[in-house]
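Down below is the structure, laid out as C-alpha cells.
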Amino acid sequence: MSVVQDVSTFAGSVRDCFTDAGDSQSLVQDRVDAAVRSEALPVPKYERSDLARRNLAAYSVAGPERAGDWRALAEPFIGADDGHPLLVIADGHVVLTRGLEGLSGQGVVFTSLRGAVREHADLTRSLGTVVPSDDRLLALNAALWRDGAFVFVPKGVRMERPLQLVHVTTTAGHGTFPRNLIVAEADSQVTFLDAYASAGDLPDELCVAVTEVTVGRGARVKAGTVQDFSRSVTSVAVRRAAVDAAGEMDWVTGETGDGFGIVEFGSELDGEGGRSSAHAIAIGTGRAHLDLTARMVHAGRHTTSDISARGVMQDRANAVYRGLTVIKKDAHDANGSQTEKLLMLSPKSRAVAIPMLLIDENDVKCGHAASVGQINPDQLFYLMSRGVSERAAKRMIVWGFIDPVLAELPIDAVRTAMEKVVERKLA
Amino acid sequence: MSIPELKISGLRVAVDHKEILRGVDLAVRGGEIHAVMGPNGTGKSTLASTLMGHPKYEVTAGEASLDGEDLFAMGVDERALKGLFLAMQYPSEVSGVSNANFMRIALNARRGEGNEVPVLKFHRELKEKMKSLSIDETFAERYLNEGFSGGEKKRNEILQMTVLRPRIAILDEIDSGLDIDALRIVADGVNGLRGPEFGALIITHYQRLLEYIHPDFVHVMMQGRIVRSGGRELVEQLEARGYDWLKEELGIADETVGAGA
Ligand SMILES: Nc1ncnc2c1ncn2[C@@H]1O[C@H](COP(=O)(O)OP(=O)(O)OP(=O)(O)O)[C@@H](O)[C@H]1O
Ligand SMILES: [Mg+2]
C-alpha cells in the first residue's frame with residue numbers, strides 16, 4: 001500500500017531518507033506517522049528541568065554517513081575477554097558484533113533492531129507499544145531512530161551470559177536516536193547491558209533514547225545501563241518494561257555525564273505477582289544537570305516494586321530525583337518502596353529528591369525515604385581521626401554511599417567500567 | 001622513639017557560642033595513665049573531641065601541644081599521624097569500607113609512603129589482635145562499625161588502637177556498654193600498650209575499669225574545669241561517697257556546664 005500522503009516537509013524528508021536507507025514500507029510509514037505527530041505534540045515538561053532552554057534542534061533527519069573513530073570511546077565499556085555476545089553501534093551504524101550467531105540454536109535473537117524489523121517482523125510487533133510516542137521527543141525518536149538492539153528470548157530459555165550493546169556518538173549535529181526492544185517470552189531469562197558515551201569535545205547534540213521491554217509470564221529480565229554523555233549533549237532517555245504475571249524486571253542505571261540529562265525508567269506491573277526493582281546512581285560533575293525519575297506502576301495484584309537511587313553532586317552539578325510509585329485501583333496487596341538519597345559535595349551543587357506515591361487502592365504497603373545532604377561531619381571526623389586525609393576520607397564516604405547500588409550492576413566488566421568513571425569523576 | 005607529651009593549658013572551648021570548657025590545665029606524658037571522671041554534662045567529651053579536632057568545637061582561649069607542637073594548628077589527620085588517638089564515646093558508622101581495609105589504610109597512612117605494611121602480614125596480625133580482643137573474625141570484612149552493637153563498637157575502637165599503636169590515647173567511656181568479660185579484655189588491650197612511649201587519658205564513670213587499668217592520676221571535671229586532681233584514692237572516695245561531698249567542699253550547687261558561670 002503506497003499511498004502518497006500530503007505531509008510536512010519534515011515528514012516528507014523522513015520518508016525519503018528512510019526509504020532510501022532500505023527500511024520496509026510499513027516501517028517507513030510508522031516513521032512518517034511519528035514525524036507528523038512529533039510536530040503536533042508538545043515538548044515534554046519536567047518540572048525543574050527546562051528543556052525549552054536547550055538546543056532541541058541539534059539533529060538532522062539523515063544520520064552520519066559512516067561511523068567515526070569509535071574504539072577509544074567504546075572500549076572502556078566492553079568486557080575484556082569473557083566473550084559475552086556484543087553489539088557495538090557508532091553514529092547509528094553497527095560497527096562490531098561478537099558471538100551473535102551462536103545464539104540461534106536456542107532460538108535467541110540478538111541483533112540490530114533495524115535488521116530485526118526487516119527479518120523478524122513477527123517478533124518485533126511490540127515495537128512502540130511499551131513506550132508510545134506521546135510527546136514530541138518520543139515521537140522524534142520513533143521517527144528517526146537509527147538503530148539499537150533487539151533481543152528475543154523464547155519461552156523457557158534462560159540465557160546465562162549477558163547480552164551487551166555499546167553505543168557511541170563521535171560526531172555531533174545529527175542527533176543520537178538509539179532504540180532498543182527486548183522481548184522475553186514466558187519463563188525465559190536474560191540480562192541486557194547497554195552503555196552510551198559521546199566524545200568529549202562535541203558541539204550541541206540532542207539524544208533521545210528509548211528502551212522497551214516486554215517481560216512474559218514468569219520471565220526474568222535484568223537491564224543495566226551506563227550513560228556518560230559529554231557537556232553539550234542534551235539527552236532524554238525513556239526505558240520502560242511491561243511485566244506480565246509473575247515476571248521480574250530489574251533495572252540498574254548509572255549516569256555519569258556532565259551534560260543535561262533526563263532519564264525516566266521503570267516498569268508497569270500489569271500481571272499478578274510481578275516484581276520490579278530500579279537502582280540508580282548518578283555522579284554529577286561540572287555543570288551537569290541530571291533529572292532522574294524511577295517510575296513503577298502497579299496494576300496487577302500482589303505486585304512488588306523497589307526503587308533505590310543514589311546521587312553524588314559536585315562542582316555546580318544539579319540533580320532532581322523523583323521516585324514515582326503508582327498503585328492503581330484493585331491492585332490488592334501491592335507493595336512499593338522507594339529510597340532516594342543525594343549527597344552534595346560542594347557548596348554550589350544542588351540536589352532535590354521528590355518521592356511521589358499515587359495510591360488508588362487501600363490494601364497496599366508503601367514506604368519511602370528521601371534525603372539530601374552533605375557529608376556527615378562526624379563520619380569525616382571519625383575517619384580523619386585515624387590519620388586518613390580529608391580527601392581520602394571523603395572518597396571513602398562517597399564510595400560507601402553509592403556502593404549498595406553499584407553492587408547491583410549485574411556484570412563485573414560494567415561495574416568495573418562504572419567504578420572507573422566514578423573514580424575519574426571524583427578525582 | 002621519644003617520650004610523648006600532651007600539654008593543655010588554660011583551654012576554653014565553645015560550642016554554638018556556648019562556653020563549655022572554662023579553663024582546663026592538664027599534662028599527659030608517656031608512661032602515665034590519667035583518669036578523668038565527673039558527672040554527666042560537665043565537658044569530658046568536649047575536652048576529648050577538641051583535642052582530636054572535631055570542627056564543631058571552637059577553641060576560644062588557651063593552648064594545647066603534642067611534643068611541643070601546637071595541636072590546634074594541625075588538621076585532625078595530622079594529629080593522628082603524630083600519634084594522637086581518640087576512642088570515641090559514639091563511634092560513627094561508615095558503610096562501603098570494610099573494617100580491615102580501613103585499618104590497613106589508616107595504618108599505612110601512619111607508617112608513610114614506601115613503608116606500607118605487607119598485606120598478608122597485616123591480616124595475620126589483625127587476626128591475632130581480634131582474637132585477643134574476642135572479636136569474631138567476620139568483623140574484619142564488615143563495614144566499619146555498621147550495625148555493630150554498642151559493646152562491639154567499643155571493642156572495635158580498642159582494636160583500632162592496638163593496630164595503630166598511638167603515643168597518646170584518649171578513651172572516652174570505653175567501658176560503657178561492655179559486659180564484665182569484655183571490660184577485662186579491653187583493659188588488657190590498653191595495659192598491653194603501657195610503657196614509656198604510651199600515655200592515656202581515660203574518661204570513665206566507673207571505678208571498675210580503673211581496677212583493671214590502674215591510673216597514676218585521677219581528675220574530676222565539673223562546670224567545664226578540672227576541680228580536683230589526685231591519685232587512685234580519689235576514685236575510691238568517689239565510689240564510696242558520690243560527688244556530693246566534693247560539690248559541697250567546693251561550694252558547687254550545679255555541676256553541669258551551663259551552671260555557675
Ligand atoms: N551544640 C551544643 N549546644 C549547646 N550545648 C551543647 C552542645 N553540644 C554539647 N553541649 C553541652 O555541653 C555540655 C558538655 O557536654 P559533654 O558531652 O562534653 O559532657 P560529658 O562530660 O562528656 O557528659 P557525659 O558524661 O554525659 O558523656 C553538655 O551540657 C552538653 O549539653
Ligand atoms: Mg561524654
Side-chain angles (χ1 to χ4, degrees), chain A residues 252 254 279-283 308-312 314 339-343 345-347 369 371 373-409 415-416 418-423 425-426, chain B residues 45 48-57 74-99 101-113 142-146 153 156-157 159-161 163-170 172:
Chain A
V252 183
H279 286 82
I281 308 175
I283 310 288
S308 171
R310 298 274 197 286
V312 180
Q314 44 187 11
T339 312
E340 292 86 31
K341 288 190 181 173
L342 287 146
L343 190 59
L345 295 185
S346 77
S371 70
Q374 278 122 0
I375 282 192
N376 178 338
D378 290 330
Q379 282 186 337
L380 191 62
F381 173 65
Y382 185 78
L383 297 176
M384 289 178 71
S385 78
R386 303 311 189 231
V388 175
S389 71
E390 178 169 354
R391 203 178 116 95
K394 280 186 172 168
R395 291 168 74 92
M396 279 181 197
I397 293 169
V398 170
W399 276 110
F401 179 77
I402 58 177
D403 185 76
V405 177
L406 203 57
E408 289 295 316
L409 277 179
R415 190 168 49 243
T416 310
M418 184 70 196
E419 281 170 3
K420 273 190 200 141
V421 177
V422 173
E423 192 69 30
K425 299 277 169 176
L426 294 177
Chain B
S45 292
S49 301
T50 303
L51 292 173
M52 198 71 235
H54 193 296
K56 187 168 92 176
Y57 300 92
M74 300 178 205
V76 178
D77 51 337
E78 266 178 280
R79 298 177 202 200
L81 297 181
K82 292 241 153 67
L84 191 64
F85 181 89
L86 169 60
M88 301 195 193
Q89 187 173 2
Y90 304 108
S92 291
E93 302 189 0
V94 186
S95 61
V97 55
S98 80
N99 213 10
N101 262 342
F102 174 63
M103 277 184 264
R104 193 162 58 83
I105 291 166
L107 180 60
N108 283 337
R110 184 88 199 281
R111 292 169 61 111
E113 228 174 278
R142 279 179 61 179
Y143 286 157
L144 186 53
N145 291 330
E146 199 176 72
K153 280 183 185 159
N156 203 39
E157 293 290 279
L159 174 63
Q160 292 183 29
M161 182 179 76
V163 167
L164 295 174
R165 301 192 70 91
R167 304 174 67 235
I168 298 282
I170 305 167
D172 192 355

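Please read these numbers as outputs of a predicted model, since none were measured by experiment. In what follows, every chain begins at residue 1, and chains take the letters A, B, ... in the order their sequences are listed.
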- prompt: Mind checking whether F85(B) and I170(B) have side chains closer than 4.5 Å, heavy atoms only?
  reply: no
statement: Of all heavy-atom pairs linking V97(B) and F102(B), the shortest is CG2-CB, 3.8 Å
Under 4.5 Å from any heavy atom of chain A - which part of L164(B): side chain
field: Heavy-atom side-chain contact between L86(B) and F381(A) under 4.5 Å
entry: yes
query: Which is it for I402(A) and I283(A) under the side chain to side chain contact (heavy atoms under 4.5 Å, CB included) test, yes or no, and what are the steps along the way?
result: CA-CA 9 Å; I402(A) 58 177; I283(A) 310 288; 4.3 Å; yes
query: Counting heavy-atom pairs under 4.5 Å to chain B, which of I397(A), V398(A), L383(A) comes out on top?
result: L383(A)
field: Contact summary for G53(B) and V76(B), nearest pair of heavy atoms
entry: O-CG2, 3.3 Å
query: Heavy-atom distance under 4.5 Å to chain A: side chain of L144(B), backbone, both or neither?
result: side chain
Chain A contacts, top residue of G96(B), P166(B), A109(B), P55(B) (heavy-atom pairs, under 4.5 Å): G96(B)
If the cut-off is 3.5 angstrom, what donor-acceptor pairs do you find between chain A and chain B?
residue: D378(A); atom: O; partner: S92(B); partner atom: OG; Å: 3.3
residue: D378(A); atom: OD1; partner: H54(B); partner atom: NE2; Å: 2.6
residue: Q379(A); atom: NE2; partner: E93(B); partner atom: O; Å: 2.7
residue: Y382(A); atom: OH; partner: N145(B); partner atom: ND2; Å: 3.1
residue: Y382(A); atom: OH; partner: E157(B); partner atom: OE2; Å: 2.4
residue: Y382(A); atom: OH; partner: Q160(B); partner atom: NE2; Å: 3.0
residue: R386(A); atom: NE; partner: Q160(B); partner atom: OE1; Å: 2.5
residue: R386(A); atom: NH1; partner: L86(B); partner atom: O; Å: 2.6
residue: R386(A); atom: NH2; partner: L86(B); partner atom: O; Å: 3.4
residue: R386(A); atom: NH2; partner: E157(B); partner atom: OE1; Å: 2.7
residue: R386(A); atom: NH2; partner: E157(B); partner atom: OE2; Å: 3.1
residue: G400(A); atom: O; partner: S95(B); partner atom: OG; Å: 3.4
residue: D403(A); atom: OD2; partner: Y143(B); partner atom: OH; Å: 2.5

Closest contact, heavy atoms only, A393(A) versus L380(A): CB-CD1, 3.7 Å
task: Looking only at non-hydrogen atoms, find the nearest pair between M52(B) and L84(B) and report the distance.
output: CE-O, 3.9 Å
